[in-house]
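Everything below concerns the one structure shown next.
Both ligands and their constituent atoms are indexed starting at 1 by order of listing. Sequence positions, counted from 1, serve as the residue numbers for this chain.
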Amino acid sequence: MQKMAFWFRILPLLAVSLVLPLSVQSIQRHYKFNVVMRNKTRLCATKSIVTVNGKFPGPTLYAREDDNVIVKVVNHVQQNVTIHWHGVRQFRTGWSDGPAYITQCPIQPGQSYIYNFTLMGQRGTLLWHAHVNWLRATVHGAIVILPKPGVPYPFPKPDNEEIIVLGEWWKSDVEAVINQAMQLGMPPNVSDAHSINGHTGPAPNCSAKGYTLHVETGKTYLLRIINAALNEELFFKIAGHNLTVVEVDATYTKPFKTDTIFIGPGQTTNALLTADQNPGKYIIAASPFMDTIVATDNQTTTGTVRYNGTAAFSPTALTSIPPRNATPVTTSFLDSLRSLNSKAYPANVPLTIDHSLLFSIGVGVNPCSTCLNGSRVVADINNVTFVMPTTALLQAHYYGISGVYSEDFPGNPPMPFNYTGTPPTNLQTTNGTKVYKLGFNSTVQLVFQGTNIIAPESHPTHLHGFNFFVVGKGVGNFDPINDPRKFNLVDPVERNTVSVPTGGWTAIRFRADNPGVWFMHCHLEVHTTWGLKMAFLVENGKGPNESILPPPSDLPKC
Ligand SMILES: *[C@@H]1O[C@H](CO)[C@@H](O)[C@H](O)[C@H]1NC(C)=O
Ligand SMILES: *[C@@H]1O[C@H](CO)[C@@H](O)[C@H](O)[C@H]1NC(C)=O
Ligand SMILES: *[C@@H]1O[C@H](CO)[C@@H](O)[C@H](O)[C@H]1NC(C)=O
Ligand SMILES: *[C@@H]1O[C@H](CO)[C@@H](O)[C@H](O)[C@H]1NC(C)=O
Ligand SMILES: *[C@@H]1O[C@H](CO)[C@@H](O)[C@H](O)[C@H]1NC(C)=O
Ligand SMILES: *[C@@H]1O[C@H](CO)[C@@H](O)[C@H](O)[C@H]1NC(C)=O
Ligand SMILES: *[C@@H]1O[C@H](CO)[C@@H](O)[C@H](O)[C@H]1NC(C)=O
Ligand SMILES: *[C@@H]1O[C@H](CO)[C@@H](O)[C@H](O)[C@H]1NC(C)=O
Ligand SMILES: *[C@@H]1O[C@H](CO)[C@@H](O)[C@H](O)[C@H]1NC(C)=O
Ligand SMILES: *[C@@H]1O[C@H](CO)[C@@H](O)[C@H](O)[C@H]1NC(C)=O
Ligand SMILES: *[C@@H]1O[C@H](CO)[C@@H](O)[C@H](O)[C@H]1NC(C)=O
Ligand SMILES: *[C@@H]1O[C@H](CO)[C@@H](O)[C@H](O)[C@H]1NC(C)=O
Ligand SMILES: [Cu+2]
């Protein structure tokens with residue numbers, strides 16, 4: 001009897017310690033993404049767009065850190081489709097990363113593909129988006145990664161949270177916009193409006209209702225802000241309120257207060273908003289940043305924060321919009337970003353470097369007999385304009401198919417010049433499908449150097465498969481002797497997409513501990529189309545968990 005009582009008491013404990021941790025580690029989240037056409041009315045006109053499940057923005061993918069996520073994507077439209085889980089590390093699961101012709105062939109009309117990945121060592125907000133042509137203009141949505149069960153946020157628990165997806169809207173079909181630009185060899189038409197959660201708000205000749213965030217006095221909201229625009233870095237503000245930034249790109253930051261968020265395409269920012277002002281209505285504004293001669297969509301999109309109990313007729317508090325060329329606002333925001341670097345969330349910055357790379361990034365001009373001026377604008381990294389292969393690079397690497405890419409991507413500009421001074425007279429680039437090879441677990445320091453060719457421009461540059469630390473940045477040319485002395489190797493911000501300042505440079509560091517083929521490109525879609533892209537090939541390691549997993553059986557074929 002006594003023995004049995006003992007076992008009755010201990011069994012639940014055993015059940016807890018043996019069964020619970022296992023089940024907690026292996027929660028599966030299943031999603032189905034039906035890619036379908038839908039008519040949407042924006043700017044007082046109706047247009048048919050590609051969507052996921054009919055939604056714009058698309059559905060939010062919720063999961064916890066350590067969860068296994070299974071998304072079945074079924075293509076019901078006439079375009080090729082792929083989905084990229086922007087910022088998800090995809091440790092050994094490059095097959096689920098998504099960029100067309102880099103890690104997979106597109107999901108063709110009528111076909112489907114199951115993305116299967118585990119969220120490891122990340123928590124916060126990311127985004128998913130189509131990664132073929134310009135489809136991501138309408139095919140995008142939020143990824144919310146909650147902390148593991150029982151693990152609190154490292155900041156006061158908000159009363160509620162809200163996803164804020166910023167986007168761009170064209171009255172025309174977006175594929176027609178880029179196809180026309182490519183035919184002419186000219187920059188594409190800018191968008192007709194920005195949007196907040198799919199709402200453009202009031203625009204010229206169209207009194208559309210904007211997005212509204214309802215708040216209760218005294219409560220704090222975690223805003224999960226995502227820039228899903230194609231070609232524009234944006235400012236985000238709320239009248240009369242400061243925001244406290246606590247996380248970017250699914251890594252925690254040291255909290256800091258700001259009245260303006262600066263956010264590039266592909267980036268995410270979590271910020272706390274406290275409804276501590278007089279009850280009323282306050283404008284939310286998203287507007288473009290551009291500090292050089294390049295054209296932008298100048299429409300500021302607006303929404304409203306509305307305190308509960310506010311009368312419909314009460315006036316709305318406006319906010320001052322940063323000027324389009326407000327470089328100091330961007331600098332002060334970027335300089336405030338620091339990784340949390342706590343005991344629980346350390347910043348493991350590589351301190352010794354195996355590969356020290358300098359990548360010049362910008363545009364060029366190549367001959368084109370059929371184009372408007374007999375030339376076309378292209379873009380390049382180290383003078384290589386990347387040409388998309390017709391076989392995905394990851395398959396070519398995994399199966400040893402030769403002739404798809406070469407491994408001679410230059411680690412330095414082949415012909416150094418004064419990148420931020422007078423450009424060379426010959427603006428031509430070379431074509432190539434080249435990768436840069438990295439040994440497993442090697443360390444990389446990569447300096448992005450913007451060029452002045454045609455015009456200097458800020459490039460929000462994105463690396464797939466890794467987070468990196470932003471150890472330094474500056475204006476002018478990178479100085480390899482003096483600038484590294486000023487690097488922050490203690491608490492640099494950790495992210496997956498970084499803005500390289502106009503006419504300047506940014507230095508990042510990362511450890512190549514994820515085997516596979518990883519795309520790196522400017523997240524201004526126009527620059528990606530023009531060729532500002534390349535890939536790193538990270539070799540397998542020797543250990544049991546250091547190789548690419550075998551490809552899934554439903555991997556699309558080209
Ligand atoms: C969209 O609208 C057009 C024209 O109004 C109509 O012909 C078409 O069937 C609609 N498509 C969908 C998917 O609703
Ligand atoms: C997902 O991938 C894991 C690891 O490769 C595999 O064991 C599992 O069967 C896959 N699940 C699905 C639904 O494909
Ligand atoms: C781009 O803009 C030009 C000038 O406004 C216009 O004529 C053209 O139709 C636009 N292209 C597309 C695809 O909308
Ligand atoms: C708004 O409408 C007016 C009058 O019809 C027209 O002149 C103007 O060009 C329109 N503006 C835009 C941005 O469409
Ligand atoms: C926002 O922060 C600034 C600088 O700290 C301060 O001057 C301002 O009063 C704050 N505004 C609000 C609404 O808290
Ligand atoms: C946007 O504003 C800039 C600076 O004010 C201006 O040079 C540019 O022509 C505007 N672009 C459009 C499309 O109106
Ligand atoms: C807002 O809602 C809260 C809780 O529902 C309530 O306590 C408060 O009085 C409301 N405030 C106003 C201004 O209606
Ligand atoms: C590069 O050009 C800039 C702008 O003209 C000039 O200030 C700088 O001195 C030049 N640097 C070198 C190394 O020549
Ligand atoms: C880029 O490559 C082209 C073609 O080989 C060459 O003419 C040009 O001088 C190179 N430019 C630079 C900056 O390396
Ligand atoms: C470079 O590649 C593009 C296609 O991506 C092609 O149109 C162009 O002719 C190529 N240029 C050269 C010099 O091979
Ligand atoms: C990678 O290298 C670091 C530093 O040498 C080492 O601490 C770590 O264990 C290595 N990781 C793997 C997976 O080999
Ligand atoms: C879709 O992808 C397939 C496979 O790569 C390709 O052959 C086809 O041309 C693509 N279709 C379009 C419309 O781009
Ligand atoms: Cu760019």
Side-chain angles (χ1 to χ4, degrees), residues 25-32 35 50 63 66-73 75 77-82 85 88 90-120 130-135 173-176 178-179 181-185 364-371 374-380 383-396 398 404-405 426-434 515-516 528-534 544-545 547-558:
Q25 275 167 18
S26 61
I27 284 182
Q28 284 198 344
R29 309 268 176 178
H30 289 263
Y31 281 88
K32 185 149 179 207
V35 182
V50 183
D66 287 344
D67 284 356
N68 179 219
V69 179
I70 311 276
V71 187
K72 181 170 186 181
V73 178
N75 184 359
V77 303
Q78 292 310 306
Q79 284 99 321
N80 284 338
V81 172
T82 72
W85 317 94
V88 171
Q90 298 291 1
F91 188 63
R92 302 170 67 211
T93 53
W95 310 109
S96 287
D97 192 36
Y101 304 111
I102 305 297
T103 60
Q104 68 166 98
C105 297
I107 309 168
Q108 294 185 41
Q111 296 186 352
S112 66
Y113 179 47
I114 295 174
Y115 291 88
N116 175 355
F117 52 89
T118 299
L119 297 164
M120 291 159 72
H131 213 309
V132 57
N133 302 326
W134 276 30
L135 207 57
D173 176 69
V174 281
E175 298 301 337
I178 184 58
N179 289 343
M182 292 307 278
Q183 251 161 31
L184 299 174
V365 181
N366 281 349
C368 166
S369 56
T370 58
C371 294
S375 64
R376 75 158 76 247
V377 184
V378 295
D380 66 278
N383 207 34
V384 181
T385 294
F386 189 91
V387 176
M388 274 296 190
T390 49
T391 301
L393 299 182
L394 186 59
Q395 274 103 320
Y398 189 83
V404 177
Y405 61 83
N426 174 6
L427 303 183
Q428 280 190 45
T429 66
T430 55
N431 272 350
T433 306
K434 299 168 184 289
T528 308
T529 306
W530 285 348
L532 209 169
K533 51 196 174 191
M534 56 82 68
N545 296 320
S547 302
I548 305 171
L549 289 169
S553 57
D554 60 345
L555 187 70
K557 293 186 174 58
C558 283

- Check whether any side-chain N or O of Thr385 sits under 3.5 Å from a backbone N or O of Ala379 as a donor-acceptor pair, and report yes or no. yes
- Note on the structure: Quick note on ligand 10: atoms under 4.0 Å from a heavy atom of Asn431 include exactly 1 (C), 2 (O), 3 (C), 8 (C), 10 (C), 11 (N), 12 (C), 14 (O)
- Can you name the one residue among Thr429, Asn431, Thr430 that meets side chain to side chain donor-acceptor pair (under 3.5 Å) with Asn366? Thr429
- Message: Can you tell me how far apart CD1 (Ile178) and CG (Leu135) are? Round to the nearest 0.5 Å.
- Response: 13.5 Å
- Query: Going by the atom numbers of ligand 12, which of them fall below 4.0 Å from some non-hydrogen atom of Cys558?
  - Reply: 4 (C), 5 (O)
- Item | ligand 12 N/O within reach of Lys557 N/O, cut-off under 3.5 Å | no
- Task: Could you tell me whether Met388 atom CE has more than 12 heavy atoms of other residues or ligands within 6.0 Å of it?
- Result: yes
- Task: Please state whether the rings of Trp85 and Phe117 are parallel, tilted or perpendicular, taking 30° and 60° as the class boundaries.
- Result: tilted
- Within-4.5 Å side-chain heavy-atom neighbours: Gln111 and Pro106: no
- Item | Distance-only side-chain donor-acceptor flag, Asn116 / Thr93, under 3.5 Å | no
- Message: Residue-level breakdown please: for Gln79 versus ligand 12, do any non-hydrogen atoms fall below 4.0 Å on the side chain, on the backbone, on both, or on neither?
- Response: neither
- Quick one: do the Asn68 and Gln28 side chains pair a donor with an acceptor below 3.5 Å? yes
- Query: With atoms numbered from 1 as shown, which atoms in ligand 12 lie under 4.0 angstrom from a non-hydrogen atom of Asn80?
  - Reply: 1 (C), 2 (O), 3 (C), 8 (C), 10 (C), 11 (N), 12 (C), 14 (O)
- With rounding to the nearest 0.5 Å, note down the distance linking CD1 in Ile102 to CE in Met534. 10.0 Å
- Under a 4.0 Å heavy-atom limit, does Cys105 contact ligand 12 with its side chain, its backbone, both, or neither? neither
Less than 3.5 Å apart, N/O on ligand 2 and N/O on the protein: could you list those pairs with the distances?
unit_1   : atom_1 : unit_2 : atom_2 : d
ligand 2 : 2 (O)  : Asn116 : OD1    : 3.3
ligand 2 : 2 (O)  : Asn116 : ND2    : 2.3
ligand 2 : 11 (N) : Asn116 : ND2    : 2.8
ligand 2 : 14 (O) : Asn116 : ND2    : 3.3

- Task: Check each atom of ligand 12 against the heavy atoms of Pro106 and keep those under 4.0 Å away; list them by number with element.
- Result: 2 (O), 5 (O)
